[in-house]
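Just below is one structure, and these are the notes that go with it.
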Amino acid sequence: MCAQTNVEGNVYRHRAGLRSAIVGALLCCVLAGCVGGTDVTSGSDTSAAGGDVSLAIAPGQTFDLNQAAGLPGGGNTVKLHDACMDETIGRGVAVGILTPYAAIFDATHTLAYVRMDTDDTPGAAARSIEGGVKNVVCGNGSAFVGAKKALVKIDVATQAVVGQVDLGKDVMPPDSLIFDRSAHRVAYPVVGGGLTVLDSDSLASLGVLPVKGRQHVFFRSDGDIVSVGLQDATATEYDGATLAPGASWQLGGIRQATLAAYDAARDDLWVVEGSTVHVYDTTTEASAPVSFELPFVPKELELEGDLAVALDYDPTVVFGSRMAVVDVPDRTVTLTTDRDERLKHVDIDPGTGTGWFESGKDNVVVAEDLATGAVDSRVDIGDTAEYGLVAAGGRTWIGNRLGGSTLVRLDPATGATVEVPTGSWPVGAAYSPSRGRVFTWDMLDGTVTVIDEENATPVTTWDIGVRGTTDAIGDLVLDEKRGLLYAVLPELGRIVVVDADTGTKRSEVEVAVRTEGREGLSGPGTLDVAVDTESGSLLAYSDSTGTLTAFAADDDFRQTGQVEVDGKGLVPYPLYVDSEAGTVYLGPHAYTTTDLDPGESLSGVSRVVAVDHERGLMVTAGEHDGVPTLTARSLSGRESGEPVSVGEATRLVPTYAYDPTSGAVFAYAMTENVVRTFAVG
């Protein structure tokens, strides 16, 4: 990404004659912790004179971003997906879809992180929670986390996993974990397998409810179960003890339902059609509904006690949502609010009248007074070390897109951090040494934040007139030589060219992308860019179309080359430019930067981290048994050092930045939420 290309091609080059060997050695010693007495200056400049090249990589320090922010270390919930609050003990649990950790929080703070896929938990059948978490429910002092194929039980008070059940099949549909607190039952639907019902205390199986298709299932106050088929507007009762089907009836007055909720206190079924809520008395089959209107068509409807909450939002963006609070006995809307962030998955505390929401914008859980709409608290669930770059004096700036739209400046010599606010969704950052500025591309605001690097303070914000609309992974790089910034909008297939001194939009470059049917961690796709500062060639890789395209640095940005690449496993941020050699690396694949003529691919490499011609070496990233590794290689390709482990096996591989002054590599491990340092050569 920008963190890789900025240093070597797009930011600055350090020559050996200008570099202080003493300063470089001291900084490397700080970064590496002088592990094993490594001579950090060995071979650093001898390649130019024909001497040996040191290909050793020494691990250094590890910096935990959560601890720097005053949060517990040892894990975080990246890309927060769901949260619940157990009002009986005043604690809640939050889960994210890209991490094996669950966060335990109280009304104001995150208290701990609990890992859910360890081998030493009772009944450990779910070997991989990461990347498959769907939702979480709380109650009776426990939390139940629904993953892709497993159910995990957490004792919230002791902050420990106390059981796991492998469901054997993918769950279907998502966000449909059901918890009957009074009867101590928990249930989860699986594809082609009905609804698996478990004893919530022991997790022993109680049987399978033979529901089919997309059903909304509710436990009734008498212990029986009612299932609502939205497409055919039918309701079916099941015996709570035997799970055998009973009476089934048509919900009159409905043609196409979208949502359903159950009022356990009154045995009423709420079914949503458009903006209309139809309320049925389930004790009387085929009863005529009592209907009322919501102020909008909701995406969610939750009901607890005397309160119901309807939510409306665009599921593809992280800003903007509407809420309507309904008095259940009177069936009247008592409050409507508009928010500039996407609030989802509300958990209602009827005793205090509080709604606990997951915010899709800042990785926080929001507690809101459902009587007034006032925000009572915002609980920070954790930062994210998504990417980074190297700036003055070996400091690194770390992108924190999912953890609250900030950049974090880390001084590795002292461990000191400063967190600087940016606009929404900073998907890329770049550093200009001649200007002393760090730039971020705040894609969802359509702005570039300009930061004074030395003082770690925002200077100004430029509105470039176009913004992203989804949670795609964009990019930002700087052509220091020409004073141009390139900001990327993947879902629009657009690269916006911005003057790095004035913020004026110079041009727009179109790139072919595919947005339909795009799902998963990259939303509608990723679009990575890089610049060859020698030729000015602009390189763009679209993972949605599997193409790498080169554009000339002229007024028209005419296309000079394009190749199709098997990009599987290259997401995110796979581009690296070696401007001195005129080579761009897309993962292990090498091409010329101007016309994309193919070069020799690298074996056993997932991406190039750095090319240092002064030291005569290359640093590459790869994997061994799923664990990310770094390897130093000679530029001749004839020799390579031993691979060094970079953290642990996770769904998302680390991103990297290189400091040519000291020969230090920074590894940004997003799902671990740490930054690791390594000394090379």
Side-chain angles (χ1 to χ4, degrees), residues 1-10 43 47 53-57 387 526 528-532 534 537 539-543 546-550 561-647 649 652-658 660 663 665-668 678 680-681:
M1 189 209 172
C2 51
Q4 300 164 9
T5 57
N6 279 348
V7 174
E8 183 64 27
N10 304 340
S47 61
V53 178
S54 173
L55 300 179
I57 296 181
Y387 60 85
T526 66
D528 299 331
V529 294
V531 174
D532 175 18
E534 295 300 317
S537 182
L539 294 311
Y541 170 62
S542 169
D543 85 302
T547 54
L548 174 64
T549 307
Q562 187 175 79
V563 292
E564 293 186 3
V565 185
D566 179 9
K568 185 177 182 180
L570 296 182
V571 178
Y573 318 129
L575 284 179
Y576 181 87
V577 169
D578 175 5
S579 287
E580 188 163 324
T583 302
V584 56
Y585 293 95
L586 174 56
H589 311 293
Y591 306 92
T592 59
T593 55
T594 53
D595 49 19
L596 299 184
D597 287 338
E600 185 176 353
S601 295
L602 302 170
S603 177
V605 172
S606 63
R607 66 198 62 210
V608 173
V609 173
V611 176
D612 192 328
H613 289 275
E614 297 162 12
R615 289 181 170 86
L617 56 80
M618 168 189 288
V619 181
T620 60
E623 288 188 8
H624 181 70
D625 292 334
V627 176
T629 59
L630 286 174
T631 303
R633 307 165 186 267
S634 66
L635 284 183
S636 65
R638 291 189 296 268
E639 298 176 326
S640 64
E642 290 296 320
V644 174
S645 174
V646 184
L652 292 183
V653 297
T655 55
Y656 301 93
Y658 180 65
V665 171
F666 292 83
Y668 310 93
F678 299 84
V680 182

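One is the number of the first residue; the rest follow in order along the sequence.
- Contact record, G663 with Y658: CA-OH, 3.6 Å, taken as the closest heavy-atom pair.
- Panel note: side chain S606, backbone A621; a donor-acceptor pair is recorded below 3.5 Å.
- Here the closest non-hydrogen pair linking V680 and A632 is CG1-CB, 4.2 Å.
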Practice task
Verify side-chain contact (heavy atoms from CB on, under 4.5 Å) between D578 and H613, making sure each step is shown before the conclusion.
Solution key: CA-CA 9 Å; D578 175 5; H613 289 275; 2.9 Å; yes
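- In this structure, the separation between OG1 on T592 and CG on D597 is 4.0 Å, given to the nearest 0.5 Å.
- Checking side-chain atoms of Y541 against main-chain N and O of V565 turns up no donor-acceptor pair under 3.5 Å.
- Here D528 contributes atom CG and L586 contributes atom CG; the two are 8.5 Å apart, rounded to the nearest 0.5 Å.
- V665 has its side chain within reach of L630: a pair of non-hydrogen atoms, C-beta onward, lies under 4.5 Å apart.
- You'll find the side chain of L635 stays beyond 4.5 Å of the side chain of L617, heavy atoms only.
- Distance check, rounded to the nearest 0.5 Å: OG of S634 to CZ of R615 gives 15.5 Å.
- Side chains of V608 and L602 form a contact here, defined as non-hydrogen atoms less than 4.5 Å apart.
- What you find for A649 and G626 is that their closest heavy atoms are CB-O, 3.2 Å.
- The aromatic rings of Y591 and H589 lie tilted to each other, with the angle between the two planes from 30° to 60°.
- Using a 4.5 Å heavy-atom cutoff, the side chains of V611 and T583 are not in contact.
- Panel note: side chain D543, backbone T526; a donor-acceptor pair is recorded below 3.5 Å.
- Smallest separation of non-hydrogen atoms from V609 and Y576: O-CE1, 3.3 Å.
- Within the 3.5 Å criterion, the main-chain N or O of L55 finds no donor-acceptor partner in the side chain of R633.
- Proximity of Y585 to M618: side-chain heavy atoms (C-beta onward) are separated by under 4.5 Å at one or more points.
- The side-chain contact (heavy atoms from CB on, under 4.5 Å) test with L539 singles out one residue from V584, V531, T594, and that residue is V584.
- One N or O on the side chain of S537 and one on the backbone of T593 form a donor-acceptor pair closer than 3.5 Å.
- Counted by atom type alone, Q562 and T549 present one or more donor-acceptor pairs between their side chains at under 3.5 Å.
- For the residue pair R607/T620, the side-chain donor-acceptor check at 3.5 Å is not satisfied.
- Here the shortest heavy-atom pairing between V644 and F678 reads CG1-CE2, 3.9 Å.
- Checking side-chain atoms of D625 against main-chain N and O of V627 turns up no donor-acceptor pair under 3.5 Å.
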